[in-house]
Amino acid sequence: MKGLSKFAAGLIWLCAAQAQAGTVQVAVAANFAAPMARIASGFETATGHTLKLSSGATGKFYAQIVAGAPFEVLLAADEQTPKRLADAGLALAATRFTYAIGRLVLWSATPGFVDAQGAVLDSGRFRHLAIANPKTAPYGAAAMQVLRARGLAETLAPKRVTGESVAQAFQFVATGNAELGFVALSQVAVPGRPPSGSAWTVPAELHEPIRQDAVLLKAGASNPAAAALLDYLRSDAARAIIRAHGYGS
């Protein structure tokens, strides 16, 4: 009877946990899609909550949230967008924090094509340079800052191909539609896989810091699962995944 009581108590606890489990609509910056998938798996196992992830350009998410999209948590690729949403009353300012500091790389799928100093940019021995849209994607804005710092913004303008997000810029290079491109380090530094192609890790002083902030949106203010996700992003387990994908913290 004693064993049965423990079993029954376990079932009651499990049913109660499932009854309290929630679902969270999460908007995730394109550069953070891969680590977030791993974080989501750990979060769902630990809490019983379910995450519905959508990845894309931060600027696009901003427009969608302003238009009434039902996202409850935003993991942006910058710090300005969450602040703008909080200032507009569409996010809870007190919940905003930096979950990652992004690193920009110039990458080619071809080994040896990109040198360790990024001098290939000056050589012009390529037809297409992929970047994310600088108007909506912070990694694209950082790429343009690098080109201006190198005095190449106008020279390379005819060679630039623009992706909607840094994920699309990466695809342009990965598929050979562009010989090289500015992408997130997290896209090429995949844990457990050897580096592919060739890359120049852009010195941080060539662009403004890519501080990536998370925030609880107004739509998720009454959802305990949404608050739990923000707490989990600060956990040791989540931080380890973030660092493994090449982000600073």
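Residue numbers count from 1 along this sequence. Below, each value reflects all heavy atoms present in this structure, side chains not excepted, and no hydrogens, waters or symmetry copies.
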Which heavy atom of [X] sits nearest a heavy atom of [Y], and at what distance?
| X | Y | value |
| --- | --- | --- |
| P191 | A244 | CG-O, 3.4 Å |
| A169 | F182 | CB-O, 4.2 Å |
| T162 | P134 | CG2-CD, 4.4 Å |
| A225 | F43 | O-CZ, 3.8 Å |
| H245 | R38 | NE2-NH1, 3.4 Å |
| A178 | V161 | CB-CG2, 4.1 Å |

Value rounded to 0.5 Å, distance of [atom1] in [X] from [atom2] in [Y]:
| X | Y | atom1 | atom2 | result |
| --- | --- | --- | --- | --- |
| I241 | R243 | CD1 | CZ | 10.5 Å |
| L75 | S54 | CG | OG | 12.0 Å |
| L152 | K159 | CG | NZ | 11.5 Å |
| L147 | L129 | CG | CG | 6.0 Å |
| S165 | K60 | OG | NZ | 9.5 Å |
| T95 | L230 | OG1 | CG | 6.0 Å |

Counting neighbours of [atom1] on [X] that are heavy atoms of other residues, nucleotides or ligands and sit closer than 6.0 Å, is the number greater than 12?
| X | atom1 | answer |
| --- | --- | --- |
| R211 | CZ | no |
| R127 | CZ | no |
| E205 | CD | yes |

Got a sec, which residues hit salt bridge (Lys or Arg N to Asp or Glu O under 4.0 Å) with R160, two or more places apart in sequence or on another chain?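 R160: no salt bridge (Lys or Arg N to Asp or Glu O under 4.0 Å) contacts found.
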
Can you sort out the partners of D87 under salt bridge (Lys or Arg N to Asp or Glu O under 4.0 Å), two or more places apart, ordered by chain and number?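 For D87 the salt bridge (Lys or Arg N to Asp or Glu O under 4.0 Å) partners, ignoring immediate neighbours, are K83.
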
According to a hydrophobic-cluster definition based on side-chain heavy atoms being under 4.5 Å apart (Ile, Leu, Val, Met, Phe, Trp, Tyr only), do [X] and [Y] belong together?
| X | Y | value |
| --- | --- | --- |
| F71 | L216 | no |
| L90 | V24 | no |
| F61 | L233 | no |
| L104 | I131 | yes |
| L74 | L53 | no |

Pair L229, H49 - check side chain to side chain contact (heavy atoms under 4.5 Å, CB included), show working. CA-CA 9 Å; L229 172 60; H49 300 312; over 6 Å; no

Using only atom types and a distance under 3.5 Å, with no angle test, would you say the side chain of [X] pairs donor to acceptor with the backbone of [Y]?
| X | Y | value |
| --- | --- | --- |
| N133 | G140 | no |
| E179 | H128 | yes |
| Q145 | E208 | yes |
| E72 | Q25 | yes |
| S198 | V114 | yes |
| K52 | T23 | no |

Are L51 and V73 close enough, and set up right, to give a side chain to side chain contact (heavy atoms under 4.5 Å, CB included), and what steps lead you there? CA-CA 10 Å; L51 300 183; V73 171; over 6 Å; no

Please tell me if the side chains of Y99 and Y247 come closer than 4.5 Å, counting only heavy atoms from C-beta onward. no

Heavy-atom check, side chain of L85 versus side chain of Y62, under 4.5 Å: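 Contact flag for L85/Y62 side chains = yes.
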
Reference residue N31; test side-chain hydrogen bond (donor to acceptor under 3.5 Å, both in side chains); the match among Q212, Q187, R103: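 Result for side-chain hydrogen bond (donor to acceptor under 3.5 Å, both in side chains) with N31: Q212.
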
Set of residues satisfying side-chain hydrogen bond (donor to acceptor under 3.5 Å, both in side chains) with respect to D213, sequence neighbours excluded: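 By the side-chain hydrogen bond (donor to acceptor under 3.5 Å, both in side chains) rule, D213 matches R96, T98.
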
Applying side chain to side chain contact (heavy atoms under 4.5 Å, CB included), run through F32 and I242 and close with a yes or a no. CA-CA 9 Å; F32 201 68; I242 292 169; 3.7 Å; yes

Under the side chain to side chain contact (heavy atoms under 4.5 Å, CB included) criterion, do L92 and V215 qualify, and how do the steps go? CA-CA 7 Å; L92 281 65; V215 72; 5.5 Å; no

May I ask you to decide if the ring planes of W107 and F170 are parallel, tilted or perpendicular, using 30° and 60° as cut-offs? parallel

